[in-house]
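A, B, ... follow the sequence lines: proteins, then strands. Residue 1 opens every chain. This is a predicted model, so every value here is computed, not measured.
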Protein chains: 2
Amino acid sequence: MNGNQLISIGTLSERTGVSVSAIRFYEQKGLIESLRSGGNQRRFLRSDIRRISFILIAQKLGLGLAEIETELARLPQGRTPTKHDWEKVSRSIRSQLDAKIALLERTRAKLDGCIGCGCLSLKNCRLYNPNDEAGESGSGPRFVLG
Amino acid sequence: MNGNQLISIGTLSERTGVSVSAIRFYEQKGLIESLRSGGNQRRFLRSDIRRISFILIAQKLGLGLAEIETELARLPQGRTPTKHDWEKVSRSIRSQLDAKIALLERTRAKLDGCIGCGCLSLKNCRLYNPNDEAGESGSGPRFVLG
DNA sequence: GCTTGACCTCAAGTTAGCTTGAGGTTGTAG
DNA sequence: CTACAACCTCAAGCTAACTTGAGGTCAAGC
């Protein structure tokens with residue numbers, strides 16, 4: 001253990017609680033980068049511990065890896081993010097959260113309007129014909145919460 | 001078109017807007033059932049139009065097919081659901097929606113408490129170490145909203 | 001110098017919710 | 001009675017976010 005800041009994938013895994021395979025997966029997806037040792041083993045910067053922490057937090061906030069990648073792009077590579085960096089990102093995430101809550105609340109309001117109506121008629125139902133789109137996109141997981 | 005109530009898969013698809021392949025998929029998953037014609041073609045009851053409508057609505061409410069199957073089990077097979085049937089199911093769904101909104105709101109509150117703290121420290125962060133579990137389960141899509 | 005554990009790559013498997021395609025049959029309009 | 005649309009059954013593919021496994025390399029202790 002000399003003075004440099006490089007850590008192995010195993011150490012990064014221990015420090016973050018993220019499995020080794022998941023870290024490799026994140027790297028492959030471009031969420032983090034690594035150097036290589038002489039023997040082709042990955043070497044990460046200590047600051048990657050925070051980068052991974054960020055990924056974990058953002059996931060808990062309901063962001064997908066693609067969205068997280070976008071947010072990560074706002075953070076500095078290799079440097080510990082400042083308060084200001086973090087604020088920018090937090091506010092961006094906060095507005096995404098707001099939108100999701102708002103969508104669910106609109107849906108709930110429609111459901112309340114429908115309870116007891118027994119309509120289930122595709123032509124009239126406000127739930128079935130909403131103007132906003134939950135679970136309407138093409139493929140992949142849609143609108144699933146925990 | 002004689003007096004009976006049986007419709008083909010194509011008709012069911014047209015009436016609901018759900019693709020033929022999706023209907024077959026739902027049948028395979030046990031969400032709907034079908035009879036067969038002499039030539040082995042599916043024949044559905046007219047009431048299955050409502051059953052499918054219900055699936056669509058429940059999906060918009062954020063339920064997965066497995067959860068929808070559970071809710072469908074509360075509805076009568078072959079009979080048009082009464083107001084009472086529908087109310088029971090609506091209230092069950094409403095409470096699931098409530099739970100999801102509540103979880104998101106707790107998460108947002110934590111984020112607000114964190115904006116500007118710049119911690120990103122795994123040991124201390126309330127976002128990283130929440131007591132409730134969003135996106136914690138084993139596999140599959142987790143905690144993704146539209 | 002050998003064993004052991006951490007690491008490497010690449011391929012395939014997992015769940016959800018479907019779609020797409022191949023290859024074959026049915027039903028109906030003309 | 002023939003054409004053609006609609007139907008049938010598998011099987012495989014798609015996205016997300018990973019895991020698991022096979023088969024091989026690297027590094028360190030004894």
Euclidean distance, atom [atom1] of residue [X] to atom [atom2] of [N] [Å, nearest integer]:
{"X": "B:E27", "N": "C:dG17", "atom1": "CD", "atom2": "C1'", "value": "16 Å"}
{"X": "B:K29", "N": "C:dT19", "atom1": "NZ", "atom2": "P", "value": "13 Å"}
{"X": "B:Q28", "N": "D:dA12", "atom1": "CD", "atom2": "C1'", "value": "13 Å"}
{"X": "B:Q59", "N": "C:dC18", "atom1": "CD", "atom2": "C1'", "value": "10 Å"}
{"X": "A:E67", "N": "D:dT15", "atom1": "CD", "atom2": "C1'", "value": "14 Å"}

Under the salt bridge (Lys or Arg N to Asp or Glu O under 4.0 Å) rule, collect the residues that match up with A:R108, sequence neighbours excluded. B:D98
So, using salt bridge (Lys or Arg N to Asp or Glu O under 4.0 Å) as the criterion, who are the partners of A:E27 when residues are at least two apart? A:R42
Holding to side chain to side chain contact (heavy atoms under 4.5 Å, CB included), I want the full list of residues that pass it with A:S19, two or more places apart in sequence or in another chain. A:S21, A:A22
Sequence neighbours left out, what passes side chain to side chain contact (heavy atoms under 4.5 Å, CB included) with A:S92? Give chain and number order. A:E71, A:R74, A:Q96
Return all side-chain donor-acceptor pairs below 3.5 angstrom for residues 7-14 of chain A, not counting sequence neighbours, or 'none' if the list is empty.
{"residue": "A:S8", "atom": "OG", "partner": "A:G10", "partner atom": "N", "Å": "3.4"}
{"residue": "A:S8", "atom": "OG", "partner": "A:T11", "partner atom": "N", "Å": "3.2"}
{"residue": "A:S8", "atom": "OG", "partner": "A:T11", "partner atom": "OG1", "Å": "3.0"}
{"residue": "A:S13", "atom": "OG", "partner": "A:V18", "partner atom": "O", "Å": "2.7"}

Beyond-backbone contact of B:Y26 with B:L65, side-chain heavy atoms, under 4.5 angstrom: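 In short, these two side chains touch, coming nearer than 4.5 Å.
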How does protein reach along nucleotides 2-12 of chain C, written 5' to 3' as B (base within reach of a heavy atom under 4.0 Å), S (only sugar-phosphate), or - (no contact)? -----SSB---
